[in-house]
2 protein chains.
Amino acid sequence: MTTLSPSGPVAGQRKVRRATMNDVARLAGVSIKTVSRVVNDEPGVHPSTAERVLAAIDQLGFRRNLSARNLRRGSSTGTIGLVLEDVGNPFYSGVTRAVEEIARLRGRQVISGSSDEDPGRERELALEFCSRRVDGLLIVPAGLQHSYLVPEMRAGTPVVFLDRPAGDVVADTVLVDNIGGTVEAVTHLAAHGHRRIAFLGDAPDIFTANERLRGYREGCVRAGVGYHEELVAMGPHDEGSVATTLKRLQHLREPATAIVAGNNRITVHILRTLAGVAERPALVGFDDFELADLLSPPVTVIAHDASALGKAATDLLFARLDGDNSPPRRVVLPVRLVPRGSGEVHA
Amino acid sequence: MTTLSPSGPVAGQRKVRRATMNDVARLAGVSIKTVSRVVNDEPGVHPSTAERVLAAIDQLGFRRNLSARNLRRGSSTGTIGLVLEDVGNPFYSGVTRAVEEIARLRGRQVISGSSDEDPGRERELALEFCSRRVDGLLIVPAGLQHSYLVPEMRAGTPVVFLDRPAGDVVADTVLVDNIGGTVEAVTHLAAHGHRRIAFLGDAPDIFTANERLRGYREGCVRAGVGYHEELVAMGPHDEGSVATTLKRLQHLREPATAIVAGNNRITVHILRTLAGVAERPALVGFDDFELADLLSPPVTVIAHDASALGKAATDLLFARLDGDNSPPRRVVLPVRLVPRGSGEVHA
DNA sequence: CCGCTGGGGGACAACGTTGTCATAGTGGCC
DNA sequence: GGCCACTATGACAACGTTGTCCCCCAGCGG
């Protein structure tokens, strides 16, 4: 295996024009249409002609321009757009992977972008993708207003919302059972004798955070332990605010003996804050995460499957692309409580 | 906030043709060029005309077709291609995030795909991206043959290799200091009295795995503990094979008292295997991972920064796009040993 | 009244493909 | 020999934009 340098000046060859079918045609001494035939494996080209064309293609380093092709054919661009909150978050990267996988099977490329929970950025990304004429859109909504998508949907771009519902359009949506999950978490803790169960969640304008809060409240009521404002802390959380909150919960007249964490980031903040603390409250976290089983104590979680979420949404999208025009669907994926230890501590 | 259904039949509107500038022009009673002027904020359009055009755009839900635009202008497509091993792996999703971030600042969209360590798939993805006329390519090489990229590079598409070097082309490359890292790991363990230090790595045809093995060997020699074949286990590892290997290492005539893990997946397998075991060997893992500090004992690692890697590579790519045509560069990012406990166990 | 200026707007070609249709040549059959 | 069928190939338009160039007309100075 020799080391080839792409001969001649390579880096910074910004000015070179890529070879087109025209160039190939000229070099091979045929018409451009014949080149097209060869490139597309269409019949009716004499083998010797095809050979000349292929040689020219090789010599010029020709590669068909897909944009031009799609433009002319008016066909799909073979892309789907994915707008999520942050690819860097393992949960969403799991989603991305699943989306990519299915898209691949259906011969599509994925274009993705992170909104960072910023509605403006979400919109910017989604519309940019529409300008690129993606065949469909998968969106983890950052905001509550999605009417900007109405023209796109009307123009035939299917949109599936993921993880959270859209604010003001009716469209396919895939969610997880946030309420059921937190109800189960609370019930589980109550069953182990806890009556002072706290909830730390994300800002309540985030759909999932709000739903989980509702589930928490319902769980408290059902378990007969009552809902107490003082045991709840919503809002954007960082390590510092979590530490403060935990301290507060501990020093209540009736301290919290158990905590439900609203998502994986919060769970991790809590774990870090509690590291080395002897008297630990029981803990159940929403979202599973790697190594949860290897911590001590292992962390009990409400688990749901990122790739199942991605798969369900993408399947739905492709169903629409295949012509399914039934009314918009809302799919709610189940969650399950995985008891590992941290949630089985008795009060 | 009312709930708008995109009026009329929406889902399954596969047949609708998107409005073009032509349609807008007709509706507004102007020429298509005037529409173009309005859409592009070009001067020389009477405000009242512009208003009519905007109204028509709104009414028809027109959105400029970026492919057509780029085709006509011969300008960049505003996209860059990213081929990695698996977006689902937190390390690569960190890379992805960083790439996305920089691309955004430079007004580019990222198209990405996972090769799953399959050279054929890598090639397929890279060439597909070239067909889409990405402005540049970032590739985590799966195989050793990349001469297929020569025509593309010659045609002016800059390519930067990431995490591993290309097999047979000279191109920009960003790596981490694999050898230095493992040397440091071994040195560290030896300094704590270990003389029987094992190495579990990935298949040696993977560049990083091989480099790390070299570093391990060099570290052993430098530390004066010698290199022993029996302490090394390379190859694809799953939980089972890791368990078997650990057992073997434990039952050697002179058992291993310390382990260097070749990457984060292997580290995790080891941790899972050792869970609950009383007599644990010392452990240093290559790649940092979330929660490493919360395990007991906390895991000592050779850390390097996924986002730094992504950033460096993307910066390099954009430098090329900006016209930098200096000879291909090879950037090696430093790693650092983060002592947390698991590696500071004395032999 | 003429010519000039400049703002507002349009006609047309071109980007790189592919679909449609036409045509040249070749051989076979009556 | 004339006609047909068939193969191999090409000319040309069109996809949705934008760049270039041109035109019309109002206003203005001489």
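Below, read A as the first sequence line, B as the second, and so on, with proteins coming before strands; counting in each chain starts at 1.
Among the protein residues, A:Gly44 comes within range of the nucleic acid bases, having at least one heavy atom under 4.0 Å from a base atom. Across all strands shown, A:Ser36 has heavy atoms under 4.0 Å from base atoms, whether or not it also approaches the sugar-phosphate. Heavy atoms of B:Val45 sit under 4.0 angstrom from primed sugar atoms or phosphate atoms, though from no base atom. Base contact: A:Ile32 has a heavy atom under 4.0 Å from a base atom. B:Asn70 comes within 4.0 angstrom of no nucleic acid atom, judged by non-hydrogen atoms across all strands. Contacts of B:Val30 with the nucleic acid, taken as non-hydrogen atoms under 4.0 Å apart, involve only primed sugar atoms and P, OP1 or OP2.
One finds a side-chain N or O of B:Ser31 lying less than 4.0 angstrom from the OP1 or OP2 phosphate oxygen of C:dG10. Dashed line: the shortest gap from a side-chain N or O of A:Arg17 to OP1 or OP2 of C:dC15 is not under 4.0 Å. Taking only side-chain nitrogens and oxygens, A:Asn22 never comes nearer than 4.0 Å to OP1 or OP2 of C:dG16. Between C:dG19 and A:Arg73, a contact under 4.0 Å exists linking OP1 or OP2 to a side-chain N or O. For the pair B:Thr34 and C:dG10, the criterion of a side-chain N or O lying under 4.0 Å from OP1 or OP2 is met. At the phosphate of D:dT9, OP1 or OP2 sits under 4.0 Å from a side-chain N or O atom of A:Thr49.
Nearer to the 5' terminus of DNA chain D, by closest-nucleotide assignment, is the contact made by B:Asn65 (compared with the other of B:Asn65 and B:Arg37). Residues B:His46 and A:Ala68 each lie close to DNA chain C; by heavy-atom proximity, the contact nearer the 5' end of the strand is made by B:His46.
Scanning atom types as modelled, no donor and acceptor separated by under 3.5 angstrom connect the side chain of B:Arg69 and the base of D:dT17. The base of D:dG16 lies outside donor-acceptor range of the side chain of A:Arg133, with no N or O pair under 3.5 Å. You'll find a donor-acceptor pair under 3.5 Å spanning the side chain of A:Arg72 and the base of C:dT18, going by distance alone.
Salt bridge B:Arg97/A:Asp116: present, at least one basic N to carboxylate O contact under 4.0 Å. Ion pairing between A:Arg123 and A:Asp118 fails under the 4.0 Å rule for side-chain N and carboxylate O.
In B:Glu51, the CD atom is not crowded: 12 or fewer heavy atoms of neighbouring residues, nucleotides or ligands sit closer than 6.0 Å.
Proximity note for A:Thr20 (side chain, C-beta onward) versus C:dT18, D:dT17, C:dT17: the nearest is C:dT17.
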